[in-house]
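Below: one structure in structure tokens.
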Protein chains: 2
Amino acid sequence: MSLRFALLALLRVGPLSGYDLQKQFAVSVGHVWHAPDSQIYPELRKMEAAGLIEGEERPRGERGTRKVYHMTDAGERAFLDWMRTPLEYARVRDPAHLRAAYLEATTPAAAREFFRAHISEWEGELAQWEGELARIAAVSNPMLALRLAVTPPEDRERTIAFKRFTYEGLVERAQGEIAWAQRGLALVDALAEDGAWSSAAELGA
Amino acid sequence: MSLRFALLALLRVGPLSGYDLQKQFAVSVGHVWHAPDSQIYPELRKMEAAGLIEGEERPRGERGTRKVYHMTDAGERAFLDWMRTPLEYARVRDPAHLRAAYLEATTPAAAREFFRAHISEWEGELAQWEGELARIAAVSNPMLALRLAVTPPEDRERTIAFKRFTYEGLVERAQGEIAWAQRGLALVDALAEDGAWSSAAELGA
DNA sequence: TTAACCATGTAAGGCGTTACATGATTCA
DNA sequence: TGAATCATGTAACGCCTTACATGGTTAA
């Protein structure tokens, strides 16, 4: 359901084609809510059916067309309603901590490999989010620039402040995950030190 | 797919009925991987079909029966293989940070309410995880006690260490979310101070 | 005897993933 | 003329959610 509001958030700055939406999605709101094109196009159609957006076919070249979507009043209302509605939090489902809880069952090597992969996964996310933070500071993210262009000057500070604040939170989360996994590596070292970490775990090796 | 390995992790300590499994699930591994009964029973059947576990019907009272599952060698191997396989990380899909990025669109009151709800959500998780940490320290979680009973003495430290480490990570994550949301409340106060936070957001009110 | 708990599911539907599919346009 | 990119999807499948459904057993 959040996908819908992520798309509305983008369309609030102005009309966009499905393709542009999908491209801009990937480099803006997609950093907090991932969605592939195969999900975006059908969702746009559903949103049009629900009256939240309207699409106009525009010619492109000789034979090509593309559909440019814009928000309706109902769409704007739906977005603002969502903002005032309590979020539904997903139940916890965390594969990394699930595995971490049972690492005694495997070998020290596999445990280390797990933590290294965790670090590298979150370093990737961290880089994305730090990049966004930098682009926010420099107002070099195209969607943010567009948004500021349609925002009254006195509201611009707020607009930037919430984006910065959001990505700061994500950066801290990633740093926390990395620090935790680094402590995990140290823990494996400590536990493996006496050489007693059993070989039973090598069954499937 | 992780559900399967969460169930195998429980069954490694010994045979359990579907019902017991489901009950124990909720108070142990369910803290990191939530699953309702309506998912657990069918998954057990699939796991049986895949040869990872075997179920035996046992009589219960006059007419009742219950199915007691135990792990097969193939199940043990599947679990250990999973331990040595890189995790698949889910793409980011974070409704709270999605909303946070666009809070300038709503009212200060709604923004505050959002952060308060975020705090209360994570305080709930925090309490769960801190409770688990305490039960781990006291070895008063029944599944952990069972597990230690079937674990050679020299491996018990490791078993406890990874559980403690896992829940410490979750506690820190929750604390991070709470701290972030508290800074969010302060940010809303600061931005609302000059009274200029516009009324456009009240459209749908 | 009635409530709590034991015990095990089905059914419908939404969201998301991966893979596949097709054709137009633009620029080098 | 060929590659990149514009443009828009479908199909199949799996996971998860919510709601519903049914009956047996045990202890007060």
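Labels below follow one simple rule: chain letters A, B, ... track the order of the sequence lines, proteins then strands, and each chain is numbered from 1.
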Item checked: Length of the CZ-P vector between Phe25(A) and dT8(D), whole Å ->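 So the CZ-P distance, Phe25(A) to dT8(D), works out to 16 Å.
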
Check: Rounded to whole angstrom units, what separation is found between the CD atom of Glu57(B) and the C1' atom of dC6(C)?
Finding: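 After rounding, the reported distance stands at 14 Å.
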
Next item on the list: Find the distance Arg91(B):CZ to dT17(C):C1' and express it as a whole number of Å.
Entry: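 Arg91(B) atom CZ is separated from dT17(C) atom C1' by 10 Å.
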
Item checked: Carboxylate-amine/guanidinium contact Asp155(B) Arg147(B), below 4.0 Å ->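 Between Arg147(B) and Asp155(B) there is no salt bridge, as every charged N stays at least 4.0 Å from the carboxylate O atoms.
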
Checklist line | Comparing Arg60(B) and Asp20(A) on DNA chain D - which has the more 5′ nearest nucleotide | finding: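 Looking at the nearest nucleotide for each, Asp20(A) comes out on the 5' side.
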
Check: CZ of Arg63(A) versus P of dA7(D): gap in Å, rounded?
Finding: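 Interatomic distance, CZ of Arg63(A) to P of dA7(D): 16 Å.
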
Checklist line | Selection from dT5(D), dA7(C), dT17(D) that lies nearest to any side-chain heavy atom of Arg93(A) | finding: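 Among dT5(D), dA7(C), dT17(D), the one nearest the side chain of Arg93(A) is dT17(D).
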
Margin query: Taking the minimum atom-to-atom distance to the side chain of Lys23(A), which one of dC6(D), dT17(C), dC16(D) wins?
Written below: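 Closest of the options to the side chain of Lys23(A): dC6(D).
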
Margin query: Any donor-acceptor pair under 3.5 Å linking the side-chain atoms of Glu57(A) with those of Thr65(A)?
Written below: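 Distance-only check passes for Thr65(A) and Glu57(A).
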
Margin query: How many whole angstroms separate atom OH of Tyr19(B) from atom P of dC6(C)?
Written below: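 My rounded result for the distance is 3 Å.
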
Notebook entry, point to check: Atom CD of Glu43(B) and atom C1' of dC16(D): how far apart are they, to the nearest Å?
Noted result: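 Rounded to whole Å, this separation is 12 Å.
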
Checklist line | SB check Lys23(B) Asp20(B) (cutoff 4.0 Å) | finding: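 Looking at Lys23(B) and Asp20(B), the cut-off is not met.
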
Check: Which parts of nucleotides 9-14 of chain C does protein reach within less than 4.0 Å, heavy atoms only, written one letter per nucleotide 5' to 3' as B for base, S for sugar-phosphate only and - for none?
Finding: BB----

Note to self: Would you say Arg66(B) places a side-chain N or O within less than 4.0 Å of OP1 or OP2 belonging to dA7(C)?
What the structure shows: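 The answer is yes; a side-chain N or O of Arg66(B) sits under 4.0 Å from OP1 or OP2.
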
Next item on the list: Give the rounded distance in Å between these two atoms: CD of Gln22(B) and P of dC5(C).
Entry: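 Interatomic distance, CD of Gln22(B) to P of dC5(C): 13 Å.
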
Next item on the list: Could you please name the option among dT25(D), dG16(C), dA7(C) that lies closest to any side-chain atom of Glu62(B)?
Entry: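 For the Glu62(B) side chain, the nearest candidate turns out to be dT25(D).
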
Checklist line | Ring centres under 6.0 angstrom apart (His97(A), Trp180(A)) | finding: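 Here the rings of Trp180(A) and His97(A) have centres that are less than 6.0 Å from each other.
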
Notebook entry, point to check: What are the two closest non-hydrogen atoms of Leu44(B) and Ile53(B), and how far apart are they?
Noted result: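 So the minimum-distance heavy-atom pair works out to O-CD1, 3.5 Å.
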
Item checked: Phe5(A) CZ to dC15(C) P, straight-line distance once rounded to whole Å ->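 Spelled out: CZ on Phe5(A) to P on dC15(C) is 11 Å.
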
Next item on the list: Specify the residue among Trp33(B) and Val68(A) whose closest nucleotide of DNA chain D lies further upstream toward the 5′ end.
Entry: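 Closer to the 5' end of DNA chain D: Val68(A).
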
Next item on the list: State plainly whether the residues Glu104(A) and Lys163(B) are in salt-bridge range, i.e. N to O under 4.0 Å.
Entry: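 Answer for the salt bridge query: yes.
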
Next item on the list: Could you pick out which residue, His34(A) or Thr65(A), lies toward the 5' side of DNA chain C when each is mapped onto its nearest nucleotide?
Entry: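 Its nearest nucleotide lies further toward 5', so the answer is His34(A).
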
Next item on the list: Identify whether the distance between the nearest side-chain nitrogen and carboxylate oxygen of Glu48(A) and Lys67(A) falls below 4.0 Å.
Entry: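 Yes.
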
